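Beneath this line is the structure, given in C-alpha cells, with notes to follow.
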2 protein chains.
Amino acid sequence: MLTDRQLFILQIIIDDFIRSAQPVGSNNLAKKEDVSYSPATIRNEMANLEEMGFLEKTHTSSGRIPSEKGYRYYVDHLLAPGSLARSEQTVIHSIFTDRQNGLEKAVQNVATILSELTSYTSIVLGPKFNDHKVKKLQIIPIDRETAVAIIVTDTGHVENRLFSLPERIEAADIEKMVNILNDRLAGVPLLELHGKLYKETAELMKRHLQNYETVLKMFAEAAIGPTTGKLFIGGKTNILNQPEFRDVEKVRLVMNMMEKESDIYELVRPTKAGVRVKIGTENAEQAMEDCSLITASYSVGDEPVGTIAILGPKRMEYSRVITLVDFLSHDMTNVLTRLYNTSS
Amino acid sequence: MLTDRQLFILQIIIDDFIRSAQPVGSNNLAKKEDVSYSPATIRNEMANLEEMGFLEKTHTSSGRIPSEKGYRYYVDHLLAPGSLARSEQTVIHSIFTDRQNGLEKAVQNVATILSELTSYTSIVLGPKFNDHKVKKLQIIPIDRETAVAIIVTDTGHVENRLFSLPERIEAADIEKMVNILNDRLAGVPLLELHGKLYKETAELMKRHLQNYETVLKMFAEAAIGPTTGKLFIGGKTNILNQPEFRDVEKVRLVMNMMEKESDIYELVRPTKAGVRVKIGTENAEQAMEDCSLITASYSVGDEPVGTIAILGPKRMEYSRVITLVDFLSHDMTNVLTRLYNTSS
DNA sequence: ATTTAGCACTCGCATAGAAAGAGTGCTAAC
DNA sequence: GTTAGCACTCTTTCTATGCGAGTGCTAAAT
C-alpha cells in the first residue's frame, strides 16, 4: 500500500530526524545526495504520508516529524539489520568472561556499559534464582540471642538473614536442626523451599526439638528474597542530554518513574520473545509517553530469567540499539546457560 | 559588629528568601507584621549588609538575596534551635526499632524517610564493618570446580565470594582448611584479616595441604568488601522541584555527581564532629556550588562509622534539616552502640 | 499522468521598542 | 537617626515587524 518512493522518503525523514531532532523540510530533503526528486514531489508525498498517519507537523507550516505510527512502521519494516563494530562485540563479550566478582557485579557492569555504549538509559533486570536449588543451609550462632541463617544455592548464590534465637536452645540442637534441614531440603528449588520447609521438616523437628518455628520462618523469608532478580539502572542522567527533554517537567516525569522500582519491574518482566520495541504511548506508563523502550530477555536454557532494556527518547537510534540489545541478550543467554548447566 | 537591627533584618530576609525563592525588597519587608521600620530605613540597612557581604543583588535594582557569607552567618549565629514535632520523632525512632530485615534495609529506610521528611535529597553512608570481627569462616563446595567462601562477622554481617577450587582437592582437605582458618582467625577484626590470613595460617596449611593459596586469596578479597559502608541515596529527583533548578544544565551537574559513588563518598566521610553545614562553594565539588550539604556522622561508641546527609539548594530550610539530622544521627548512634556492645 | 516550477500564504523566531512594575539610592525634611 | 519623596535602573511583558523556512496549490513541462 505504500509505494517504494514513499517508503524511501519515510525512511530518510526518520533517519534525518533521529539524527538532528529537527523537523524535516522538503527542500533540505531534496538537497540530499541520494534523493533525486524535486522538493515539490517530496511535498506531495509528504502530504500523502501525513494523511496516512506516518508523519506529523509541529505547526501548519513546519517540516515533518515521524508520528508514533511512523516510528512503528520504521521499526517493523524499514530497519536495516545493523551489525556491531568488532570493538563493541569485544567489549560486550568481555563483560561476562570475567565473573570473578560474582554474577551480580557482572550484571551491574552490563547496565553501565550499555548506557555508555548507547548514551541512553539502560535497565538490567538481573537473573532470578527461582530454578536454583538449595545446596546447603547453615545456621551460624552469633551470640546467645542471635544467629544468621544462610542459604547457598547450587549456582553459588548466597542469601542470608539475621534472626533472634529462641531462648534456651543448645548448640547441639542447632546442629541437629541444620542436619535435618540439609538432609531433607538439599536440591529443592528455591521457589519451592518456602512450601517444603514446613512440610518436609516440621514433623521431624517437632520430635527432636522445641522452638523450631522461628528458625524455619527465617529460612522461609530468606528464600523469598532472590525469587525476583535485582534491578540495575545505568546512565540515569543521559536523558538530560536529549534536546526534547530540555523541559524540567518532562524530565521529572521520567526520573520519578526510574526511582520507582515497582514500575520498572513492570516494564522489564522477562518474556520469551526476542527484542521488543515499545514506542511512546505504546508503553502503559503515562511517564513514558515521550520515550521508547527496547527490551530483550535473556535465558538459562529455555527459561527467560532476566531482561536488558534501553530507555531513550522516541527519537532513538533504533537500529543501533536493537542490534546491540539483541546481541548482548544472546551473549548473556549463552554464558548463563553454559554456567548453569555445567554447575548443576 | 552587626547591630541588633541588622541581625534582625538579615534574619528576616533569609527566612523570607528560603520560603519564597524570590529576592526580598524593602517595601515588602516593611509590610510584615513584626517589622516596625520604614522601607527607607530598611533600604539603608540592606545597603550596609550588602557592603559587609551578607547580601547580594541579582541586578542593580532588584531586591536582595543572601550571599554565601550571609547564609553562613545565619547558620552560625541566627538559627533558632528548632524542635521536632512528636510525630516526626516517632517516625524516626521507629526506623531502627524494627531491624528484622537486617541493618542494611534499616539504613536504606533512613535514606528514604529522610528525603520524604525534608523533600530534599538524602545521602546515607551505611556503617562500615572495620571493627567487626570474624565469627566464622566457611567454604561451601558447589561442584568439583567451584566453591563459595563465606565470612560471618560477630555482628551478623555475611560476606561471600565465589571461587574456583584448585584441581584435585579432597573434601577432607577443605574441611581441614576450614578448621585451621577458624582456629586461627576467629575474633580477628575484618580490617586485619587480610594481613593475618597469610601470617597466621600459611605456615600451618603448607604443612598439611597443597593449593591453599587460591583459597586464602578469596577470603582476603572478600574481607576487603565491607571495610567501607554502603551508600544509599533517597529522593534523587527532589532537586527537580526547586525553582533554582529549572535549568536542565544545573540539574545535570548535580545529578551526574549523584551517580558517581566516589564523589559522594568524599562528601560524607565520617568524622567525629556533630552536624556540619557546607554552603555552596564551601563544598570542594564544582557541581555543588548551588547546593548546600548538611551532614552528621553516627557512631558506635566513640568511633564514627557512618554518616547521614541532606543535599538541597543553598536556599535550604537549615533550621529544620539541622535539627532533623542532629536528632537522627544521635538516635542511630544510640541504637547501634547498644546493638554492638551487647553483641560482642 | 507524473513531475516540477512558481507563488501566495502561514507560522515560528528573533529583534526592537514601549509600557508597567518592583526596587534602589540619594536628598532633604522630619 | 529616621523617613518621605523622587529620579533612576532593570526586568518583564507585550506588541510590532521582518525574516526565513516551509507548505499547499495551480499551472506548465515532461
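Below, read A as the first sequence line, B as the second, and so on, with proteins coming before strands; counting in each chain starts at 1. Bear in mind that the values here come from a model prediction, so they are computed numbers and not experimental data.
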How close or far is atom [atom2] of [N] from atom [atom1] of [X], stated in whole angstroms?
X	N	atom1	atom2	answer
A:L29	D:dA21	CG	P	16 Å
B:I42	C:dA22	CD1	P	17 Å
B:I65	C:dA22	CD1	C1'	16 Å
A:H59	C:dC13	NE2	P	7 Å
A:Q22	C:dC13	CD	C1'	12 Å
A:N27	C:dG6	CG	P	13 Å
A:F17	D:dG22	CZ	C1'	16 Å
A:D16	D:dA21	CG	P	15 Å

Looking just at side-chain N and O atoms, do A:N256 and A:E259 make a donor-acceptor pair shorter than 3.5 Å?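 Their side chains do not contain a donor-acceptor pair, so the 3.5 Å distance test is not met.
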If you measure only the distance, is there a donor-acceptor pair under 3.5 Å linking the side chains of B:S38 and B:T41? yes
Kindly state which residues belonging to residues 43-50 of chain B come within less than 4.0 angstrom of DNA chain D, counting heavy atoms of the residue only, listed by number.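 By residue number: B:R43, B:N44.
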Is any NZ, NE, NH1 or NH2 atom of the basic residue among [X] and [Y] found under 4.0 Å from an Asp or Glu carboxylate oxygen of the other?
X	Y	answer
A:E249	B:R246	no
A:R5	A:E45	yes
A:R64	A:E56	no
A:E289	A:K314	no
A:D15	A:R19	no

Comparing B:P39 with B:T58, nearest DNA chain D nucleotide closer to 5' gives the residue B:P39
From the set C:dT24, C:dA5, D:dG24, return the single nucleotide nearest to any side-chain atom of A:A40. C:dA5
So, does the side chain of A:S61 form a donor-acceptor pair with the base of C:dT10 at under 3.5 Å?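 Side chain to base: pair found, below 3.5 Å.
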Taking only N and O in the side chain of [X], is any of them less than 4.0 Å away from OP1 or OP2 of [N]?
X	N	value
A:K57	D:dG24	yes
A:N28	D:dG22	yes
B:T41	D:dG1	no
B:S26	C:dT24	yes
B:R5	D:dG1	no

